[in-house]
Amino acid sequence: MEANSTAPVKGHAPVKSNVTGIKNAFWVIIACFVVAVCAFLFFFGHPSNFDYELADGASAPASMWFFDGEAHPANLIGTIFKGGIIVPILQTLFLTVIVLSVERYIALSSAKGKGNITKFVENVKVKLQKNDIAGALELCKTQKGSVAAVVSAALIRYEEMDKNTVLTKEQKVQTLQKEVEEATAMEMPTLQQNLPIVATLTTLGTLVGLLGTVIGMIKSFQALSASGAPDSTALSTGISEALVNTAFGIATGAFAVISYNYYTNKIDNLTYAIDEIGFSIVQTFQATH
């Protein structure tokens with residue numbers, strides 16, 4: 001049996017979205033930096049990734065970390081290590097984008113709540129058309145998420161305005177609209193949290209990669225400008241540094257752009273659902289009072 005408009009709604013508290021997420025991204029960046037430096041030194045810089053030529057012409061064992069002579073990359077991993085000091089910085093930025101992207105996926109999944117949002121909005125509209133505020137609030141408790149949090153806050157205010165005999169109809173509508181706006185404003189920061197950092201890394205990753213490229217090219221030109229025959233080792237090292245940093249910079253920027261646009265689109269969908277159901281609540285109140 002559907003509840004009627006005069007049935008009091010008791011014991012209903014606003015639904016909380018409880019969006020999970022990392023509150024302080026600074027520690028994420030620090031942790032990613034530590035991981036990047038360790039990977040750079042102990043994985044990419046492992047002796048097994050290099051061919052050694054000692055000063056006296058003898059060969060060095062693969063387990064030799066410190067040596068007197070030249071080290072040449074034996075594989076792609078060793079070539080990445082030759083990218084220089086900019087590489088762990090770029091790896092830090094890349095890891096930060098990955099971690100924050102995973103964090104936003106988890107956060108927005110919890111913000112979405114249970115079930116399909118479009119179906120939830122349609123069901124709430126049906127309840128509103130029947131003036132079943134209690135039934136709509138129960139849907140919010142079941143669905144949870146950010147949309148349900150805004151809707152429940154608006155419906156509770158709806159009940160208060162329904163029983164209010166002091167305010168005029170226009171004042172009640174304004175109060176209801178303000179409640180929807182405030183509830184939406186409370187949810188938006190949790191949805192957009194850490195996305196500005198991802199947006200910053202979109203440009204920062206490319207610029208740092210460009211810096212590494214320029215440094216590598218400077219070293220290459222220095223090798224070419226040396227008197228006599230060009231130093232082929234220094235030339236190849238400079239070119240490797242330039243290309244490795246370019247690759248990491250492009251990868252970081254590209255992944256950050258994809259991640260930012262993807263999650264921005266998901267937030268826009270949630271915002272659209274909130275706006276749609278908020279408008280329906282206000283319109284229903286105007287039509288029935």
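Residue indices begin at 1 and follow the sequence shown.
Within the 4.5 Å cutoff, side-chain heavy atoms of K119 are placed close to those of N123. Proximity of H46 to F42: side-chain heavy atoms (C-beta onward) are nowhere separated by under 4.5 Å. Q193 is listed as a side-chain neighbour of R104, based on a closest heavy-atom distance under 4.5 Å. Looking only at side-chain heavy atoms (C-beta outward), L204 and L93 come within less than 4.5 Å of each other. Between K127 and L139, some side-chain heavy-atom pair lies under the 4.5 Å cut-off. Side-chain atoms of V102 and I106, non-hydrogen and from C-beta on, do get closer than 4.5 Å to each other.
Scanning for ring pair (Phe, Tyr, Trp, His ring centres under 6.0 Å) contacts around Y263 gives an empty result, with sequence neighbours left out. With sequence neighbours excluded, the residues satisfying side chain to side chain contact (heavy atoms under 4.5 Å, CB included) with N75 are N49, I77. Residues meeting the side chain to side chain contact (heavy atoms under 4.5 Å, CB included) test with K125, sequence neighbours left out: V121, E276, I277, S280. Take E160 and apply the side chain to side chain contact (heavy atoms under 4.5 Å, CB included) test, not counting sequence neighbours, and it matches I156, R157. The side chain to side chain contact (heavy atoms under 4.5 Å, CB included) search around T96 returns I29, C32, T92, L100, L201, not counting sequence neighbours. Listed by chain and number, the residues in a side chain to side chain donor-acceptor pair (under 3.5 Å) with T288 are Y158 (sequence neighbours excluded). Legend: residues meeting side chain to side chain donor-acceptor pair (under 3.5 Å) with T213, ordered by chain and number and at least two apart, are T246.
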Derivation and outcome, side-chain contact (heavy atoms from CB on, under 4.5 Å), residues N131 and I133:
CA-CA 6 Å; N131 220 1; I133 306 304; 4.2 Å; yes
Applying side-chain contact (heavy atoms from CB on, under 4.5 Å) to T206 and I250, what does each step give before you reach the verdict?
CA-CA 6 Å; T206 304; I250 293 175; 6.0 Å; no
side-chain contact (heavy atoms from CB on, under 4.5 Å) between L155 and L128: does it pass, once the steps are laid out?
CA-CA 10 Å; L155 291 176; L128 287 174; 3.8 Å; yes
Tell me, with the steps shown, if C38 and F43 meet side-chain contact (heavy atoms from CB on, under 4.5 Å).
CA-CA 7 Å; C38 291; F43 177 70; over 6 Å; no
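Checking side-chain atoms of T203 against main-chain N and O of A199 turns up no donor-acceptor pair under 3.5 Å. In this structure a side-chain-to-backbone donor-acceptor pair under 3.5 Å is missing from K144 to G113. When atom types are taken as modelled, the side chain of Q171 and the backbone of T168 share a donor-acceptor pair closer than 3.5 angstrom.
No continuous path of hydrophobic side-chain contacts links F221 to I218 [ILVMFWY only; heavy atoms under 4.5 Å]. In the hydrophobic cluster analysis, where Ile, Leu, Val, Met, Phe, Trp and Tyr join through side-chain heavy atoms closer than 4.5 angstrom, F33 is grouped together with V208. Tracing side-chain contacts under 4.5 Å through hydrophobic residues (I, L, V, M, F, W, Y), one never reaches V34 starting from I86; they form parts of separate clusters. Under the 4.5 Å side-chain heavy-atom criterion for grouping Ile, Leu, Val, Met, Phe, Trp and Tyr, V87 is connected to L41 within one hydrophobic cluster. Taken together through direct or relayed side-chain contacts under 4.5 Å among Ile, Leu, Val, Met, Phe, Trp and Tyr, I197 and I98 form part of one hydrophobic cluster.
Pairs passing the salt bridge (Lys or Arg N to Asp or Glu O under 4.0 Å) check and including a residue from residues 194-218, sequence neighbours excluded, do not occur. Counting only residues at least two apart or in different chains, salt bridge (Lys or Arg N to Asp or Glu O under 4.0 Å) contacts with residues 195-222 comprise K219-E241. Residues in residues 280-289 take part in no salt bridge (Lys or Arg N to Asp or Glu O under 4.0 Å) pair, two or more places apart or across chains.
Across every non-hydrogen atom of I22 and E103, the tightest pair is N-OE2, 2.9 Å. When every heavy atom of A36 is checked against every heavy atom of Q91, the shortest pair comes out as O-OE1, 3.5 Å. When all heavy atoms are compared, the tightest approach of I117 to K112 is CD1-CG, 3.6 Å. Residue L90 comes nearest to G205 through the heavy atom pair CD2-O, 3.6 Å, listed as atom of the first residue, atom of the second, then distance. Of all heavy-atom pairs between C140 and S152, the closest is SG-N, 3.8 Å. Across every non-hydrogen atom of G83 and N245, the tightest pair is O-ND2, 3.0 Å.
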Please set out all donor-acceptor pairs under 3.5 angstrom arising from side-chain atoms of residues 251-260, sequence neighbours excluded.
from, atom 1, to, atom 2, distance (Å)
T252, OG1, F248, O, 2.8
S259, OG, S101, OG, 2.6

Pairs under 3.5 angstrom only: tabulate donor-acceptor contacts from the side chains of residues 265-274 to other protein residues two or more places apart or in another chain.
from, atom 1, to, atom 2, distance (Å)
N269, ND2, N265, O, 3.4
T271, OG1, I267, O, 2.8

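Taking CD1 of I239 as the start and NZ of K82 as the end, the distance is 14.0 Å to the nearest 0.5 Å. Annotation: the span from K169 atom NZ to F285 atom CZ amounts to 8.0 Å, rounded to 0.5 Å. Separation of atoms CD (E179) and CD1 (I281) is listed at 10.0 Å; rounding is to 0.5 Å. Note that CD of Q286 and CD of E170 are 9.0 Å apart. Values are rounded to the nearest 0.5 Å. Put simply, CD1 on I85 and CZ on F40 are 6.0 Å apart, with the number rounded to the nearest 0.5 Å. Distance OG1/T190 to CG/L108: 9.0 Å, rounded to 0.5 Å.
Within a 6.0 Å sphere centred on CE of M188, heavy atoms belonging to other residues, nucleotides or ligands number more than 12. Surrounding NZ of K178 are at most 12 heavy atoms belonging to other residues, nucleotides or ligands under 6.0 Å away.
Below 30°, between 30° and 60°, or above 60°: for F50 and F81 the angle between ring planes is above 60°, a perpendicular geometry.
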